[in-house]
Structure formats: C-alpha cells, structure tokens
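If you're wondering where the values come from, they're calculated on a predicted model, not measured in any experiment. Lettering of chains follows the sequences in order, A, B, ..., and the numbering in each one begins at 1.
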Amino acid sequence: MPKLQFYLLDLRRAEINNRQAVLLFGRTLDNNRICIIDLSFLPYFYVVPKKGMNVQEKLEKLEVERENIISKVVKTELLKKKFYGREIDAIKVYVPFQRDINIIKSIIDEWEIIEGIYESDISYLRRYLTEKGIIISTLLEADADPFNAGFKLDTFLAKSITTNTEDSIKSPKILAFDIETYNPEGRKIDMKNNPIIMISFYSEGFKKVFTWKRFKTDLEYVEFVNSEADLIGKFFQTVGNFQPDVITGYNTDIFDFPYIEERAKKYKLNAKIGLDNAGIRLVKGDNARARIPGIVHIDNYRFIRKAIAMEGGYSLDNVATKLLGRGKKKINIEDLYKIWDQGNEMIEPYCEYNLVDSEIAYELCRKFLPEIIELTKITGLSMDNITRLGYSQIAESFLIRQANSFNELVPNKPDKTEMARRFLESYKGSFVFEPKPGIYDDIVIFDFRSLYPTIIVSHNISPDTIDCSCCDNDSNIAPDYPKEHHFCSKKKGFLSVILEDLITRRTRIKEIGKDNLILKARAETLKLLANSFYGYLGFYGARWYSIESARVITAWGRYYIKQVIEKAQKEGFIVIYSDTDSIFIALAKKSEKDTLDFLINVNESLHGLMELEFEGFYRRGLFVSAKEKSTGAKKKYALLTREGNLKIRGFESVRTNWPEVVRKVQRTIIEGILKTGDAEDALLYLRNTIEQLRNKEIDNKDTIIETTLQKNIESYDNAAPHVVVARAMKDKGIDISPGMKIEYIVAEGEGRINERAKLPEDIKDGGYDSDYYINNQVIPAIEKIFELFDYKKEDLIETKDQKKLDDFWRL
DNA sequence: CGTGACCGGGG
DNA sequence: GTGTACGGTCACG
C-alpha cells in the first residue's frame, strides 16, 4: 500500500470500532478529498498528588459506572513536570474516551490525597495536534488501509501518520455562497416564516444562481427549480458535488447557514452536508457559529470584524469597497419582496446582485486565506477557530501548545468566584500627554515598535519569573511602580522566551520578505500575536493570569514614553501629544534632520529589542479640547499628510445618526483649516451653510435624522422623536416593528422636538426647522474646532460677505 | 446622570 | 463546546 500524502484541512472527534478516534479530513496531492481515521491516541489528563501520597495505584484501579457506561483508567505514568517553572511530580492518567475524563475527574476531585487535577479541559483534538506536532493546512503522510465508515469520501484507517514538512496547501478549493430571502420592508429577519428565494455560488470558473420563480432571462448562470425545498436540496447537492476545501460567505455563521438549517427543518430535508454525514452544526448564543464537519468554514464577516478596524462599519458593501476596491451591485434590496411577489423579469437584476455577493465573498476569502493559514501554522489552531476566537484565546492556545515543549503543566481556568475577584482588579494603564488644543505646523510622529512585547522580553516579565526566590527584591523593578514585585534576572521566563522568538522571527521575516505576500502575512500575524500577550496577562479568564505582570508592563511603558518626551523637550522640540507608545512632535525651529538624529539618539539608549520608529511627517495637525474641559481630548485629532491626505481620528460622533448636512460641514471645515492653516475660509463656509439652512437652500434629504426603533411602539412610555414618527407611520398603514430604521426631519413650528419630528415625505421642501439644525446639530459638531481660533458661538452664526467663498472651493 | 439591555451583520 | 466578545448607544428610572 503506497503512502497517502494529503493536506490536512479539518479534524473531528468520533468513536469508531469502540475506540476514541480522530478523523483527519484532507486533500491528497492528486486532488481527492479523503478521511483518515487515527485510533492511536488516548485521551489523558494529569493528577498532582499531595507530598508522599501514593495515588497511582488507586487511580489504576478506578472504575465508575454512570448511566450504564463504565468509565475507567487505562494506564498511568509518573512524570516530572514543571508548574510555573518549579519541578513537580505529576501522574499522567489515560482514559479510553474523551467523555470519561469528566466522569473520572469528578470522582478524583473528592480525594484528600491529591493536590490538583490539570489539563482535564484541554480539547482532545488540540492535544492530538500538539503532541503529534501536526499542523492544520500542512502536508502529512499516512500509512493507512481502506476502511468503510459510510462517509462521503474515501476513508482509511491509519497505521501511522507523519509530518515532515512545512509545506502547506497552495490553492484550496474555495466555494462562496450567498442567499437572498423574502423579507417585507423594514421587518426583522424571520427565518421561520419567510422563505429563501435564491442562492448563489461562486468559485474559480464556477457561477450559479438557483431560484424558484421562473422569468425570462439570458443569464446563463441562472437555473430554475420548482420550490424552496428544491432550492435547498440544490444547495446541499451543489456543495456535495463541488467538494470544497473551504466554504465561505458573509455573515454565514449567523445568517445563511442558520437560515438554510431552519428552512431545511421545515421541509424535513436531510441536511447531511458534513463529509462524515453529520449536518450543519450550529452553536447558538453570543459566539454563534456554523460548523460543517470536514470542510473549513470561513465567515468573512467574523474574521474581518475582529482583524481589521473598519471606518464606516462592516456592511459587505463597505468592507468590499475598502478592501477590494469594488462594492456590491447597487440595487434596492428592500424592494426584493415586492418584485418577488410580482414574479416577472424584474427578478433578474437581483440574481446578478446575489451572484456578486458570492463573488465578493470569494475574493475576500482568497485575500485573507494566506494570513489565516499563517496564523494556523504559528498557533496550531484550526482555520475555523483562528477566524472566530478572540485574541486572548488565540494567545492562550499558543501558550498551551508551547507549554508542551517546555514540559510545563497548563494551569486550570479560574472558577467563577476567582473570575469575579479578578474582574474587579484594576490597574493603571498607559501614559497620555494631553494635547494643548490648537493647530500645529510640521509634525513628526514616532512610535515604539511593539512596545509591550519588547518590554516583556527586555525585562523578563513572565508568570513564572515573578517574585523568584533566587533574586532579591531590588532587581529589575519598574521605576514608578511600588516595589512589591520583582522579576528574575537569572533565568529567562516562559513568556519572555516565547515572545523573544516571535519578535526576532518577525524581524527576520520582515527583512527577507519585503516583496513576498506570504511572508508579509506571516510578519503581520506574528505582530498580532505578540501584541496580544499583554492583554492576555490582565484578562480575568486567563489560565496564566498575572495582573502584576500586566501592571509592571504598563509601568515600564509609561517610563519609556516619558523618557522620550523629556528628551525631546530638553532638545528644544515641542511635544504636542503622546499616547501609550506614540509621540507627536512639532518641529518648531528644528529641521527634519534634527528629528531623525533625535530618533537615532533615543534608540542608542534603548536596550535589547526595544525600538522607537519613525511613523511619518505631517504638514499640519488639529487637536481639539475635550467636552467641558480646556485640556485636549484624547485620541481626537486630524492630520494632513504631505501628500495632502486627511487623517481624521476620533471625531466619531459625526458619522451615522447625524444628518448629512452636519457630516459634510464638519469634514469640509477640518479639511479647510488643515490646508490653509487658518479658519477664515472655514468660517465663511460655515456661515454659508448656516445661511443656506436659514434660507432653506439645503436639500431636505440632507436634514434627515435616522434612528433605529428598539422595541414595539406600544411599550414606549416617553415618546422620543423617532417613536412619535413610528406611530405616525403605523397610522398610515405602514407595518412597524422593532429593528426598523426610522427616518425623520424636525419641522419648523412651535412645541417640543418630538412633536415636530415628522416623516420626510410629509415635509415640504425647506420645511425643516432651521434653528434646530443650526443650534443643535451643526454648531455642536464644529464648535470645538473654532474654539481653537477663539471664535465664540455668536461669531459663528453671524453672516458676512461671501465673496471669499469662491476661493474656498478652489482648495 | 447612572445603570442595564441590546446591538453589530445578514434581507 | 464554553465561559467571559467589546465597545458603543439607547432606554428608563
């Protein structure tokens, strides 16, 4: 029998031949999907006995019966392990099945002769991967015989599995899909009552849209079926035939897959989509997700939301526009239900729309897959997990995997009381040098490269080096931190070793891989991972929780950034702003070269891996004051790059929720001030807008305020403006339900705001309340900016000549 | 103003 | 397979 070579894609736990089994799903070099069953790996956990107690014998005799199932210990081994760096004796306890662990554990928990039980909650599959050194996505070699398990693909029973290469899958078969559903206007999504009306698929050389109403069309990829039930049948059939390695979409975890599952249930369809014939496995709740056994499921929305900060929200259209340079097909999706009811060729553009969504999802997945695979290779986590878990869990998984090679026992998770206690523990964070509100010319920004990770390495901060007994209390102490804790200066800690490795690997990869996409992805990934450990140490749910370590890290962080600030000031630079690891310096009378010399100078004084980096030169910057205060607001500024681009941070209040007229005025004013260096033109522009509002020259649609209705209108006691409008809509016969976006305009006239909030369609051109829009919308949004130039509210509203406006437009 | 509930995204 | 996402806004007392 020749050896099978295959790229590992997914794993599952199963019981086969009355043994605990690992199912390894992969793709062979000659492009077949296969499943290898490995029965060789026994589940286990550790018991640490009290000093001098003989626990091993008692363990080996242990046998429990629960609900007609007998659980017992297969064998034990006495081992020397380490716990927080200290040597201890531990008994490794093997059981036949994963399910036996909790049963056996609950018995041992009561024993007086034990100190503790460890690693009983480490997932069997993760343990398997760690111990065998197997990494998902890489090439494995199996010596295996054919085996009939009744699965959808060739299945083998492994005699041995080896891993000897870092070679990972180059071009996995990705299949993207998207569903469109019947959804009457403004209604909440209702999976129980509203059907799926079309489903699209997209892959390289594969386009398909299935729908169950016929109309005349030339689109060759549209295929008609007879009913929703047939449509869903087609979905399972298409996935089955295509045999994807990766199935992807947008928000598929909580929308498309649950929807398909719900509708399949209605028609009693067998949703055996998993390669082991299991159905879609849905996990509900906050961390909802859909698992398809044997197939990697990447929900782009899930991954992008946690990996990329996105201005303008995470709608597919916005995400695709920003990341791929192309958006969705422009069409009114709210009208789909009406057009569906009509059932004519008006449906056609919606098929195109449906297909484009799949295509975009496909492209997004392709774009991020290299990075996802890299993270998988570094952390050992599955792609499903990498794309869904939070950073603290990724960091922890990584530590667990490393612990094995350090022979370290993994600490247990904290219980509820412990977590509650930790939750209340707080600590001093980073240092912020508050900006003096104002406008500054010629700015340079420096920031520490991976400040916290490099501090961890440089100062040997680690849960196993804190307060060691081999060093005295004065060594290695953070300057402005109470001298309660010290870190070992003789032996390197577990965390510092791991981080040093991550950082040096990243630096090396960054150097050699400037033009290589995969290496770039790997460098980014290493940075991401390195940055997550500081947060992890202070996270109340962490196994290696060490708030003291986190405190010392921020203490050193404050120390280093303050050193840079002081040094800059001593050398005659004007420090404008600093937050955590970055510093904004006004050049004042200094030259560019002076700033770069300063940078070199600072770096000479920093030890180890620590480094201050040049971020960029800026032509001008604007810092406003905080609400009700004269000090500068944190994280709220706007910069103008040398290329003339705007970088606006923290003026977040003016985004959605505000009428267009306000958003536009704020942005234009910031841009004008930054480009000219004074507020004269901006003031003219503002006054002009105010004047236009007064003269009703601003379009009604730019004054629309949008608010989401949170609950049934009957259950509101005090009527907010949007509630009043929602009631009016209901009187007009429009169906109103929670979740609906209510649009309204504040009309001119007497009375309270909520009495004057009206449906846009009920307001004649210019029927809005100019004073309201000027005083409660426009002015608050720009007040702080004009304060920088000593303008008072009264100055802003006053009108003046408009000649200069023409100049302003030419900016 | 403070606290607690709810939302995102999908049609 | 789970807890504890997370950071903001809105409702309500």
Subject >> Check: A/F45 ring centre within less than 6.0 Å of A/Y118 ring centre >> reply: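 Judged by ring-centre distance (under 6.0 Å), A/F45 and A/Y118 do not meet the cut-off.
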
Subject >> Ring centroid separation A/F201 to A/F235 under 6.0 Å >> reply: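 For A/F201 and A/F235, the ring centres are under 6.0 Å apart.
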
With a 3.5 Å cut-off and sequence neighbours excluded, list the donor-acceptor pairs that the side chains of residues 95-103 of chain A form with protein atoms.
| from | atom 1 | to | atom 2 | distance (Å) |
| --- | --- | --- | --- | --- |
| A/R99 | NE | A/E15 | OE2 | 3.1 |
| A/R99 | NH2 | A/E15 | OE1 | 3.4 |
| A/D100 | OD1 | A/S71 | OG | 2.7 |
| A/D100 | OD2 | A/F97 | N | 2.9 |

Original post:
Taking only side-chain nitrogens and oxygens of A/K328, does any of them come within less than 4.0 Å of OP1 or OP2 of B/dG11?
Top reply: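 Result: yes.
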
In whole angstrom, give the distance that lies between atom [atom1] of [X] and atom [atom2] of [N].
{"X": "A/I347", "N": "B/dG11", "atom1": "CD1", "atom2": "C1'", "value": "15 Å"}
{"X": "A/N354", "N": "B/dG11", "atom1": "CG", "atom2": "C1'", "value": "11 Å"}
{"X": "A/N251", "N": "B/dG8", "atom1": "CG", "atom2": "C1'", "value": "9 Å"}

**OP:** Scan for salt bridge (charged side-chain N to carboxylate O under 4.0 Å, His left out) pairs involving residues 527-543 of chain A, sequence neighbours excluded, and state none if there are none.
**Re:**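 Sorted pair list: A/D121-A/R543, A/E396-A/R543.
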
When all nucleic acid strands are considered with a 4.0 Å heavy-atom cut-off, which category describes [X]: base, sugar-phosphate, or nothing?
{"X": "A/Y259", "answer": "nothing"}
{"X": "A/D357", "answer": "sugar-phosphate"}
{"X": "A/I197", "answer": "nothing"}

Original post:
Is the NZ or CZ atom of A/R388 both under 6.0 Å from the centre of the six-membered ring of A/F303 and within 45° of that ring's axis?
Top reply: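 Negative - A/R388 is either too far from the ring of A/F303 or too far off its axis.
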
Original post:
Where the side chain of A/L316 is defined as all heavy atoms beyond and including C-beta, which of B/dG10, B/dG11, C/dA5 is the nearest nucleotide?
Top reply: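 Closest of the options to the side chain of A/L316: B/dG10.
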
Subject >> Nearest-nucleotide pick for A/S315, side chain only, options being C/dA5, B/dG11, B/dG10 >> reply: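 My answer, after comparing the listed nucleotides, is B/dG10.
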
Under 3.5 Å, which N/O atoms of the protein pair with N/O atoms of nucleotides 1-3 of chain C?
| from | atom 1 | to | atom 2 | distance (Å) |
| --- | --- | --- | --- | --- |
| C/dG3 | O6 | A/Q393 | NE2 | 2.9 |
| C/dG3 | N2 | A/K413 | NZ | 3.4 |

